Colleague: 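Below are the structure tokens for one structure; questions will follow.
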Amino acid sequence: QVQLVESGGGLVQAGGSLRLSCVASGSIWGINAMGWYRRAPGKQRELVAVITTGGSTHYANSVKGRFTISRDNAKNTVVLQMNSLEPEDTAVYYCHSQGYNDYWGRGTQVTVSS
């Protein structure tokens with residue numbers, strides 16, 4: 001079993017930045033990729049960014065050029081650096097790991113004010 005713990009959420013003004021971290025623990029040897037999803041009020045969960053163990057990345061079009069995902073495989077940690085934040089980025093952000101099974105963190109709230 002894998003446990004994912006997110007941190008770094010909070011309240012920020014439009015144009016500001018936040019850095020989200022996710023630490024994986026437990027049976028982590030089978031993880032192939034980790035990433036971030038978000039669920040905004042009134043919307044379904046959407047993929048924000050993913051990164052594989054080899055370093056390949058994918059971003060949602062809405063965050064390209066503003067968000068950067070990185071991973072430290074040795075520390076089983078994934079970071080999402082969010083810059084130029086917009087009110088539309090307000091959501092609960094969830095860490096996700098993909099391997100033999102899928103695991104989810106409990107989420108961290110990001111609120112961007114106008």
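Numbering of residues begins at 1 and proceeds along the displayed sequence. Nothing here was measured: the structure is a model prediction, and the numbers come from that model.
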Colleague: Quick one: closest heavy-atom pair of V78 and W36, and the distance?
Modeller: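 Smallest heavy-atom distance, with atoms named: CG1-NE1, 3.5 Å.
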
Colleague: Can you see which heavy atom on S17 is nearest to which on N83, and at what distance?
Modeller: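 Shortest heavy-atom contact: OG-OD1, 2.8 Å.
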
Colleague: Which pair of non-hydrogen atoms, one from P87 and one from A14, has the smallest distance, and what is that distance?
Modeller: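 Heavy atoms of P87 and A14 come nearest at CD-CB, 4.1 Å.
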
Colleague: So Y93 and F67, would you call those rings parallel, tilted or perpendicular, with 30° and 60° as cut-offs?
Modeller: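 Judged by the thresholds at 30° and 60°, the geometry between Y93 and F67 is tilted.
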
Colleague: Taking all non-hydrogen atoms of both residues into account, name the closest pair between L85 and V12 and its distance.
Modeller: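 Heavy atoms only, the tightest pair is CD1-CG1, 3.5 Å.
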
Colleague: R66 vs D89, test: side-chain contact (heavy atoms from CB on, under 4.5 Å). Steps then yes/no.
Modeller: CA-CA 11 Å; R66 300 188 298 119; D89 296 315; 2.8 Å; yes

Colleague: Are Y94 and L80 linked, directly or through intermediate hydrophobic residues, by side-chain heavy-atom contacts shorter than 4.5 Å (ILVMFWY only)?
Modeller: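 Per the 4.5 Å side-chain linkage, L80 and Y94 are not co-clustered.
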
Colleague: For Q109 and T90, what are the C-alpha separation, side-chain angles and deciding distance, and is it a side-chain contact (heavy atoms from CB on, under 4.5 Å)?
Modeller: CA-CA 8 Å; Q109 176 70 48; T90 296; 4.0 Å; yes

Colleague: Could you measure the distance from the OG atom of S113 to the CD atom of Q13? Nearest 0.5 Å is fine.
Modeller: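 Between atom OG of S113 and atom CD of Q13 there are 5.0 Å.
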
Colleague: With hydrophobic residues grouped by side-chain heavy-atom distances under 4.5 Å, do I28 and I51 end up in a single group?
Modeller: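 They do share one cluster, since a chain of ILVMFWY contacts under 4.5 Å joins I28 to I51.
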
Colleague: Ignoring hydrogens and angles, tell me if any N or O in the side chain of Q98 forms a donor-acceptor pair with the backbone of A33 under 3.5 Å.
Modeller: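 Not at all, since once roles are kept as given, no pair shorter than 3.5 Å links the two residues.
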
Colleague: Say whether L4 and I69 are linked into one hydrophobic cluster, either directly or through other cluster members, by side-chain heavy-atom distances under 4.5 angstrom.
Modeller: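 Result: yes, single cluster for both.
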
Colleague: How far apart are the C-alpha atoms of V48 and M82, what are their side-chain angles, what is the distance that settles it, and do they pass the side-chain contact (heavy atoms from CB on, under 4.5 Å) test?
Modeller: CA-CA 11 Å; V48 177; M82 305 186 295; over 6 Å; no

Colleague: Identify the heavy atoms of R71 and N32 that sit nearest to each other, and give their distance.
Modeller: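 Taking every non-hydrogen atom into account, NH1-O, 3.8 Å.
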
Colleague: First locate atom CD1 of I31, then atom OG1 of T52, and finally report the distance between them rounded to the nearest 0.5 Å.
Modeller: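 If we round to the nearest 0.5 Å, I31:CD1 and T52:OG1 are 13.0 Å apart.
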
Colleague: Tell me whether Q1 contacts the main-chain N or O of S27 through its side chain, where contact means a donor paired with an acceptor under 3.5 Å.
Modeller: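 A pair under 3.5 Å: no.
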
Colleague: With rounding to the nearest 0.5 Å, note down the distance linking CD in Q81 to OG in S21.
Modeller: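 The CD atom of Q81 sits 9.5 Å away from the OG atom of S21.
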
Colleague: Please work out which of the three classes, parallel, tilted or perpendicular, describes the rings of H96 and W104, given edges at 30° and 60°.
Modeller: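 The rings of W104 and H96 sit tilted, inter-plane angle from 30° to 60°.
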
Colleague: Applying a strict under-4.5 Å side-chain criterion to I, L, V, M, F, W and Y, I'd like to know whether Y59 and V50 cluster together.
Modeller: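 No, it is not one cluster - the side chains of Y59 and V50 are not joined through contacts under 4.5 Å.
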
Colleague: Please examine the side chains of V110 and L20, heavy atoms only from C-beta on, and report whether any two atoms are closer than 4.5 Å.
Modeller: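 A side-chain contact under 4.5 Å exists here.
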
Colleague: First locate atom SG of C95, then atom CD of Q3, and finally report the distance between them rounded to the nearest 0.5 Å.
Modeller: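 Separation between the atoms: 12.0 Å.
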
Colleague: I need the minimum non-hydrogen distance between G8 and L18, along with the two atoms involved.
Modeller: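 Heavy-atom minimum between the residues: O-CD2, 3.8 Å.
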
Colleague: Same hydrophobic cluster for M34 and V92, using side-chain heavy-atom links shorter than 4.5 Å among ILVMFWY?
Modeller: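 Cluster IDs for M34 and V92 differ.
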
Colleague: As a quick check of understanding, evaluate side-chain contact (heavy atoms from CB on, under 4.5 Å) for V63 and R38, giving each step before the final call.
Modeller: CA-CA 12 Å; V63 307; R38 68 186 182 186; 4.0 Å; yes

